Amino acid sequence: MGVDIGDILEKRQVGFDDLAHRIVAIDGYNTLYQFLSIIRQRDGTPLKDSKDNITSHLSGILYRMANLFEAGIKPVFVFDGKPPDFKADTISQRKKSRAEARTKWDEAKEKGLSEEAYKYAQASSKVDARIVEDSMQLLDFMGIPCVQAPSEGEAQAAYMVNKGDADYSASQDYDSLLFGAPRVVRNLTITGKRKLPGKNVYIDVEPESIDLMQNIKLLDIDRQQLIGIALCVGTDYNKGLEKVGPKTALKLIKQHGSIHKVLEHRGEAIDELDAKIDFFLNPPVTDAYELKWKSPQKEKIVDFLCKQHDFSEERVLKAVDRLEKAGKQRSQQTLDQWF
DNA sequence: CCCTGTCA
DNA sequence: TGACAGGGG
């Protein structure tokens, strides 16, 4: 999932408050997947309403957005459109992995292996159409704008930051850097703890920002070469070279100058290489969006979350209160009308 | 993930 | 007040 180039990138720790007054274009798919895989009970079961609908993502959205609002951050969600044809292999691979994880989850449960069970439960998470639909519904009631990308959400987010409509692209993946996002923020959470994948160990995680130009300069490469490194390591559109991680990829690209030369030297090939490079450089994006934050519709949120999905009214009202207060406070302080 | 209650 | 356990839906 995503491109693994984090090890060669310079990151800057940012406090949650450093992002005050900033517009953050959130990768919807990435965030929802994160919520689905992490918001679970000890045994691995996701949160569900009485009709057996998964609700982990709704919980994640409600509380995380309340926290962002309180920090003065303006979120906008960006959702994926039609993936490029050359993503088909990755998509079917993910489907296969999910199916395998589902069986292994059941097996581990039967054997009483709780840690294994949890791991496979997470891996079986799927962001399906219903998850996306009711996320958009909740976000709309909360007054948070959503953008429908023509293709990859990370590409659309990158475009919006370049255009100046947003300040950061937010995702756990580094892909939007490949699409040219000047600034990416990761770990957009308040709780400074995260579970290590697989193990039952928690580590501290702080939000961090990555500056594209700074990294390009530091690595002494250009953007095409960064894309070349990504293609060496493997992206959603290609498998990557055998036993080549980010550090080796950097060395290879610097040594040979371009991905084409690296492949030529190794006698290997990547299908539709030029089309893929061009997709990173000139992805389909749209200007058809409006960024407008509206005051939360309390009754609709309560109806949706409490009546339809069995959330506690006390908790939801408290969260909506936080949304309203934060918005009003900002509007007074900065003249920059939120609502 | 995030919230809430408890305990020192 | 901050760490921790437990539950959320």
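Chain letters run A, B, ... following the sequence lines, proteins first, then strands; residues in each count from 1. What you see is a predicted model; the values in this text were computed from it and never measured.
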Participant: Rounded to the nearest angstrom, tell me the gap between atom CG in A:L36 and atom P in B:dC1.
Facilitator: 14 Å
Participant: Just say parallel, tilted or perpendicular for the rings of A:F280 and A:Y237, cut-offs at 30° and 60°.
Facilitator: tilted
Participant: On a plain distance test, is the side chain of A:Q41 in donor-acceptor contact with the base of C:dG9 below 3.5 Å?
Facilitator: yes
Participant: How many whole angstroms separate atom OH of A:Y118 from atom C1' of C:dG6?
Facilitator: 13 Å
Participant: For the ring pair A:F304 and A:F311, is the centre-to-centre distance below 6.0 Å?
Facilitator: no
Participant: Determine, stepwise, if the pair A:R183 / A:L212 fulfils side-chain contact (heavy atoms from CB on, under 4.5 Å).
Facilitator: CA-CA 6 Å; A:R183 282 171 303 283; A:L212 177 61; over 6 Å; no
Participant: Check the orientation of A:H265 and A:H256. Use parallel for under 30°, tilted for 30 to 60°, and perpendicular for over 60°.
Facilitator: tilted
Participant: Using whole Å, what does the distance between atom P of nucleotide B:dC3 and atom CG of A:L305 come to?
Facilitator: 14 Å
Participant: Figure out the CZ/P separation between A:R40 and B:dC1, and round it to whole Å.
Facilitator: 14 Å
Participant: Taking CD1 from A:I190 and C1' from B:dT4, how many angstroms apart are they, rounded to a whole number?
Facilitator: 13 Å
Participant: Across the strands shown, which category fits A:T55 at heavy-atom distances under 4.0 angstrom: base, sugar-phosphate, nothing?
Facilitator: sugar-phosphate
Participant: Is any side-chain N or O of A:K51 closer than 4.0 Å to OP1 or OP2 of C:dG9?
Facilitator: no
Participant: Using the side-chain heavy atoms of A:I38, tell me which of these nucleotides is nearest: B:dC2, B:dT4, B:dC1.
Facilitator: B:dC1
Participant: Could a donor-acceptor pair under 3.5 angstrom be found where the side chain of A:R42 meets the base of C:dG7?
Facilitator: yes
Participant: Can you tell me how far P of B:dC2 sits from CZ of A:R64, to the nearest Å?
Facilitator: 5 Å
Participant: On the nucleotide B:dC1, are OP1 or OP2 found under 4.0 Å from the side-chain N or O atoms that A:N67 carries?
Facilitator: no
Participant: More than 12 heavy atoms of other residues, nucleotides or ligands under 6.0 Å from CD of A:E242: is that the case?
Facilitator: no
Participant: What is the distance, to the nearest angstrom, from the CZ atom on A:F35 to the C1' atom on C:dG8?
Facilitator: 14 Å
Participant: Using a 4.0 Å heavy-atom cut-off across all strands, classify A:N53 as base, sugar-phosphate, or nothing.
Facilitator: nothing
Participant: Which nucleotide sits closest to the side chain of A:D310: B:dC3, C:dG9, B:dT4?
Facilitator: C:dG9
Participant: In this structure, how many angstroms lie between the P atom of C:dG9 and the CD1 atom of A:I39, rounded?
Facilitator: 12 Å
Participant: Pick base, sugar-phosphate or nothing for A:S312, based on heavy-atom distances below 4.0 Å to the nucleic acid.
Facilitator: sugar-phosphate
